[in-house]
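Report on the following structure.
Each chain gets a letter, A, B and so on, in the order its sequence line appears, and its residues count up from 1.
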Protein chains: 2
Amino acid sequence: MQISSRFTIAVHILTCIDTLKDEMPLNSETIAGSVGVNPVIIRNLFGKLKKAGLIIVLRGGNGGVTLAKPLSEITLLDVYRAVDSVEDGKLFHFHANPNAACPVGRNIHHVMDGRLDEIQDAMEEKMQSMTLADIVADTKRCIKDEKQRA
Amino acid sequence: MQISSRFTIAVHILTCIDTLKDEMPLNSETIAGSVGVNPVIIRNLFGKLKKAGLIIVLRGGNGGVTLAKPLSEITLLDVYRAVDSVEDGKLFHFHANPNAACPVGRNIHHVMDGRLDEIQDAMEEKMQSMTLADIVADTKRCIKDEKQRA
DNA sequence: TACTTTTGTAATAAAGATTGTTACATGGCA
DNA sequence: TGCCATGTAACAATCTTTATTACAAAAGTA
């Protein structure tokens with residue numbers, strides 16, 4: 001199955017915070033409007049991103065969300081891990097009951113584990129090489145291009 | 001969410017075919033016994049692996065399954081793709097309704113798509129570098145070690 | 001203090017995928 | 001004609017995701 005949209009939504013949230021901070025109040029309601037989901041989904045992700053130290057969230061009038069660190073210090077891997085994109089941090093679901101009475105059944109887990117980790121590492125290293133600063137820079141460039149065309 | 005156990009089960013199946021071919025009849029029943037799932041799960045995977053040209057499946061008495069090509073020519077990526085490990089071949093689930101009325105909402109998909117593809121490519125390249133011959137060699141070594149210890 | 005706004009979170013439901021299981025038709029060989 | 005194994009349909013159980021309502025808790029303001 002696919003990796004949860006929590007990940008792309010979280011990137012969307014962080015991009016909004018930096019890109020729209022001078023244009024509108026940044027709360028779960030307005031961001032939900034941009035993402036196209038229920039505000040509670042956003043508030044739950046606020047909780048995870050806050051716990052990971054990526055954002056600061058305040059309650060009450062004039063509350064809302066701000067970044068806790070520079071965009072250049074937030075990698076896609078940080079976001080991916082913050083929102084529990086996969087169960088227990090493991091990308092692959094290994095079948096649970098291989099038969100220990102079979103020579104293959106009792107060894108396959110051990111033989112595959114290292115390789116599955118290598119594959120996951122390759123993916124996570126690529127994620128670590130990309131920062132939110134890259135994403136936001138591209139987004140702002142797109143917006144500027146739109147204005148020029150208009 | 002995690003990648004379906006169809007992937008690890010399929011690797012288990014192919015490993016059984018080569019490792020146990022002289023020890024027992026290789027049909028959905030015996031392989032299901034090694035994997036620890038219902039034979040119908042195995043038969044459904046037979047269908048996908050067959051369609052991908054990795055195995056040959058015969059019905060009737062003395063039926064069962066054999067490899068369609070050398071293990072060294074089957075990569076983990078081949079198996080991963082054969083069994084539809086992720087929907088539409090896309091690793092990431094992108095939230096479906098970003099708001100086109102928002103500057104971020106109407107650009108985020110385009111900005112992220114290339115990067116998500118890069119991440120997926122990094123993972124798939126690693127998978128392509130590993131063959132079933134590697135897995136089976138390790139498995140046979142484990143089995144030999146077990147016998148020495150006994 | 002009372003009011004308003006916004007987060008935090010529980011509870012619930014609907015939809016979708018995975019996995020397990022039974023049942024039976026189909027194909028292929030003796 | 002039997003026998004055996006695959007192919008597949010049909011269903012159910014479980015789990016995760018996503019959506020939604022409701023309300024308590026916190027924080028600022030009049």
Side-chain angles (χ1 to χ4, degrees), chain A residues 1-10 12-13 17 24-33 35-51 55-66 68 83-99, chain B residues 1-10 12-13 17 24-33 35-51 55-66 68 83-99:
Chain A
M1 224 203 146
Q2 290 178 305
I3 290 169
S4 168
S5 65
R6 275 196 299 278
F7 172 59
T8 58
I9 293 176
H12 189 145
I13 290 172
I17 295 174
M24 53 173 75
L26 290 170
N27 54 49
S28 63
E29 197 86 26
T30 58
I31 294 178
V35 176
V37 299
N38 192 286
V40 176
I41 304 286
I42 302 297
R43 293 207 283 270
N44 284 331
L45 288 174
F46 277 2
K48 289 176 188 290
L49 294 171
K50 188 170 72 169
K51 203 161 157 190
I55 60 175
I56 294 163
V57 186
L58 297 176
R59 300 201 204 198
N62 275 19
V65 64
T66 49
V83 301
D84 304 313
S85 300
V86 297
E87 227 177 288
D88 283 323
K90 288 284 177 188
L91 181 59
F92 294 98
H93 182 0
F94 208 105
H95 51 293
N97 304 306
N99 185 352
Chain B
M1 226 205 145
Q2 290 178 306
I3 290 169
S4 168
S5 64
R6 275 194 300 277
F7 172 59
T8 58
I9 294 177
H12 189 145
I13 290 172
I17 295 173
M24 54 173 74
L26 290 170
N27 55 49
S28 63
E29 197 86 24
T30 58
I31 294 179
V35 176
V37 300
N38 192 286
V40 175
I41 305 287
I42 303 297
R43 292 207 284 270
N44 283 331
L45 288 174
F46 277 3
K48 290 175 188 288
L49 294 171
K50 188 170 73 169
K51 203 163 162 188
I55 60 175
I56 294 163
V57 186
L58 297 178
R59 300 202 206 195
N62 276 20
V65 62
T66 49
V83 300
D84 304 313
S85 301
V86 297
E87 229 178 287
D88 283 324
K90 288 284 177 188
L91 181 59
F92 294 97
H93 180 1
F94 208 104
H95 51 293
N97 304 305
N99 185 351

Checklist entry - Within the structure shown, what part of the strands sits under 4.0 Å from Val57(A) by heavy-atom distance: base, sugar-phosphate, or nothing? => result sugar-phosphate

Next on the checklist: With a 3.5 Å cut-off and heavy atoms only, can you find an N or O donor on one side and an acceptor on the other between the side chain of Arg59(B) and the base of dT26(C)?
Outcome noted: yes

Checklist entry - If you check every side-chain atom of Lys50(A), which of dT19(C), dA19(D), dG8(C) has the closest atom? => result dG8(C)

Checklist entry - Given dT6(C), is OP1 or OP2 found less than 4.0 Å from the side-chain N or O atoms of Ser28(A)? => result no

Checklist entry - Separation of Phe94(B) atom CZ from dT17(D) atom P, in whole Å? => result 18 Å

Checklist entry - Just how far, in rounded Å, is P of dG7(D) from CD1 of Ile41(B)? => result 15 Å

Next on the checklist: On the nucleotide dT18(C), are OP1 or OP2 found under 4.0 Å from the side-chain N or O atoms that Ser5(B) carries?
Outcome noted: no

Item to check | Gln2(B) CD - dT18(C) P separation (whole Å) | outcome: 12 Å

Checklist entry - Between atom CD1 in Ile42(B) and atom C1' in dT19(C), what is the gap in whole Å? => result 12 Å

Item to check | Any His93(A) side-chain N or O less than 4.0 Å from OP1/OP2 of dT19(C) | outcome: yes

Next on the checklist: Can you tell me which nucleotide in dT20(D), dT19(C), dG8(C) comes closest to the side chain of Ser4(B)?
Outcome noted: dT19(C)

Next on the checklist: Donor-acceptor check, side chain of Thr30(A) to backbone of Pro25(A), threshold 3.5 angstrom: yes or no?
Outcome noted: yes

Checklist entry - Would you say Pro98(A) and His12(B) make side-chain contact, with heavy atoms under 4.5 Å? => result yes

Checklist entry - Does any non-hydrogen side-chain atom of Ser5(A) lie less than 4.5 Å from one of Phe94(B)? => result no

Checklist entry - Over how many whole Å does the gap from Glu29(B) atom CD to dC4(D) atom P extend? => result 12 Å

Item to check | Most 5' of Gly60(A) and Pro39(A) on DNA chain D, judged by nearest nucleotide | outcome: Pro39(A)

Checklist outcome for this item: Taking for Met1(A) and for Gly61(A) the nucleotide of DNA chain C with the nearest heavy atom, the one nearer the 5' end belongs to Gly61(A)

Checklist entry - On DNA chain C, nearest-nucleotide positions of Glu87(B) versus Asn38(B): which is more 5'? => result Glu87(B)

Checklist entry - Whole-Å distance between dT21(D) P and Asn44(A) CG? => result 15 Å

Next on the checklist: Could you tell me how far apart Asn62(A) (CG) and dT7(C) (C1') are, to the nearest whole angstrom?
Outcome noted: 14 Å

Checklist outcome for this item: On a heavy-atom basis, the closest approach of Ile55(B) and Val57(B) is CD1-CG2, 3.7 Å

Checklist entry - Nearest to the side chain of Asn27(A), which nucleotide is it out of dT7(C), dT8(D), dT20(D)? => result dT7(C)

Checklist entry - Among dA22(D), dA9(D), dT7(C), which nucleotide sits nearest the side chain of Val40(B)? => result dA9(D)

Checklist entry - Less than 4.0 Å between a side-chain N and a carboxylate O, is that true for Asp84(B) and Lys48(B)? => result yes

Checklist entry - Rounded to whole angstrom units, what separation is found between the CG atom of Leu45(B) and the P atom of dG20(C)? => result 11 Å

Checklist outcome for this item: Side-chain atoms of Arg43(A) come closest, of dT17(D), dT8(D), dG8(C), to dG8(C)

Checklist entry - Take atom CG in Asn38(B); do more than 12 heavy atoms of anything else shown fall under 6.0 Å from it? => result yes

